[in-house]
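One structure below.
Each chain gets a letter, A, B and so on, in the order the sequences are listed, and its residues count up from 1. Because only heavy atoms are used, hydrogens play no part in the values below, and waters and symmetry mates are left out as well, while side chains stay in.
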Protein chains: 2
Amino acid sequence: MSETGQARGKSRRESILQAALDCFTEHGIEGTTIEMIRDKSGASTGSLYHHFANKEDIASTLFLDGLHNYSEPLLKGLAACSDARDGIEIMVTSYIDWVTENPDWARFIFSARGRVIRGAAAEALKDNNRKQFMALRDWLQPHIEQGVLQPLPLDLYHALVNGPIQDYCRAWLAGRVRHSPRQHARTFANAAWRSVAV
Amino acid sequence: MSETGQARGKSRRESILQAALDCFTEHGIEGTTIEMIRDKSGASTGSLYHHFANKEDIASTLFLDGLHNYSEPLLKGLAACSDARDGIEIMVTSYIDWVTENPDWARFIFSARGRVIRGAAAEALKDNNRKQFMALRDWLQPHIEQGVLQPLPLDLYHALVNGPIQDYCRAWLAGRVRHSPRQHARTFANAAWRSVAV
DNA sequence: TACTGACTAGAACAAAATTCTAGAATGATA
DNA sequence: TATCATTCTAGAATTTTGTTCTAGTCAGTA
C-alpha cells in the first residue's frame, strides 16, 4: 500500500486545490509550476491530472469557488433586506467582510481576474454573473419605481457601489495602504448612497 | 543578406512589442508563447532574446509603457487646473478618454495588473505610482485646506474617483455592457464629486 | 579596407507541462 | 469471501515551451 494512499478521492482533490491556492498566492499563477503543486499537496503527477485537466483547470476551479463563496452571503443578505439604504450598506459591508476574512482568496481572485477563461469554466462564470445580475435587478426595481434610487443601468450601479471598495481592497491586499477597509466601511457606504440615491 | 534584416534596431524592438501586445490581448499572457510573438513579429528567437530578457520582460515593458501613456496626460491636465470641481472632472474624463481611445492597451493593462512583477520593472512601477501619488496629493492639498474637498486619505480619493470608472471600463472592454463609458462620463463625474466634496 | 559593436539566425539545450501505462485501493455484487 | 468494474495513484516517457549559445551579418567609422 502506498504511503499517501490515505488521501484518496475527494480529500485528495481538496488537498490539491489547497496547495494550489497557497502556491498561487505566494508565487502568482504563472510563477507556480505543476511540480510545486504536486509536491506541496503530496499527490503524484498522475493523480493531479486525474482530478484536473491542466493547471488552467485548477486555477479556474479555484476562481469560481472563490466567487461563489463571496456572492452567496451577499445575495442572501440582500434578499432579506427591504430598505434601500440598508441594502446599499449590505453590499458594501458584505464585500469588505469577505475580503478581510478571506484575504488569501481575495488576493487570488484579484490576480486571476482578467485572465482569459475558456470552456466550461467560462460558461460557469457567465452563469454566476447572470445570477448575481438578476438578483441585483430584482432587488433594485421596487426602490427605483418608488423613486428612492436613481433609474441607472444596472452595470452603473455595480460600478458606483462596488468600484470604490474594489479599488481600495486591492490596494490593501497589496500592502499599499495602512488602514483596513473595515475602518472606511462607513465612508464607502455613504459615498455609494450619495451616488445612487435620488 | 537576410530578408528581415531590414527591421533592425529600434524598429525591430517595436515590432516585437506590437506583436506581443496583439498576442497578449488575443490569447492572454499565459496563452501566448514566445513562438507566437516571434512569428508574428518576424523576428528570430535570438533577436527576441537580444532585445528582451524573457517573456516576463516583454509583458512588464508593455505594462509600464501603457501606464505611462495614461498617466502623462492626466498629470498634465491636473497641473493646469485650479478649480476643484474641474479637477475631479479631468480625472474622470482623462481615464475614460484613454480607455476608449486605446482599448487594446487598456485591455492589456487590466489583464496584466495583479500579476507578480519582479526586479527592475517592480521598481519602475513603484516609481510611477509614487509620482502619481505625489501629484494627486499636491493638487488636493489646497482644496482640502480651503474646505472644498473632504480631508480623506489619499487612497480613498483614488478609490472613490477612479474605482467606479475602472469597474465600468473593465466591463465595457469585456463586452459586458452596451454603452461606452463616454456616455456615462457625466454620471461618473457627478458621483465622484458628491463622494469627495464637503 | 578592416574593425567595432549592435543585431540576427537558428540550432542546441533546459525546464515545464502533459500523456501514458501499469497497477493499487475501493466498493458493489454474487 | 472472491471477483469484477471503477476510481484513483505512481512515476516514467513524451511533448511543448522557454532560454541559451555560437556563428555569423550589417551599419557605421577610422
With no hydrogens and no angle check, just 3.5 Å: does a side-chain donor-acceptor pair link [X] and [Y]?
| X | Y | answer |
| --- | --- | --- |
| A/Arg137 | A/Gln132 | no |
| B/Thr25 | B/Arg107 | no |
| A/Gln166 | B/Arg170 | no |

Enumerate the side chain to side chain donor-acceptor pair (under 3.5 Å) contacts for residues 53-76 of chain B, please, sequence neighbours excluded, ordered by first and then second residue. B/Glu56-B/Arg115
At less than 4.0 Å, is any side-chain N or O atom of [X] found next to OP1 or OP2 of [N]? Yes or no.
| X | N | value |
| --- | --- | --- |
| B/Arg12 | D/dC26 | no |
| B/Ser44 | C/dT8 | no |
| B/His50 | C/dT8 | no |
| A/His51 | D/dT7 | no |
| A/Arg13 | D/dT7 | no |

Nucleotide [N], atom [atom2] - distance to [atom1] of [X] in whole Å:
| X | N | atom1 | atom2 | answer |
| --- | --- | --- | --- | --- |
| B/Leu48 | D/dC21 | CG | C1' | 16 Å |
| A/Asp39 | D/dG11 | CG | P | 11 Å |
| B/Glu14 | C/dC7 | CD | P | 12 Å |
| B/Arg38 | D/dT19 | CZ | P | 13 Å |

So if I define the base as every atom that isn't primed, P, OP1 or OP2, how would nucleotides 12-17 of chain C read as a B/S/- string at a heavy-atom cutoff under 4.0 Å? ----SS
Nearest heavy atoms of B/Arg12 and B/Ser41, plus distance in Å: NH2-O, 4.3 Å
Under 4.0 Å between a Lys/Arg side-chain N and an Asp/Glu carboxylate O for A/Asp97 and A/Arg182? yes
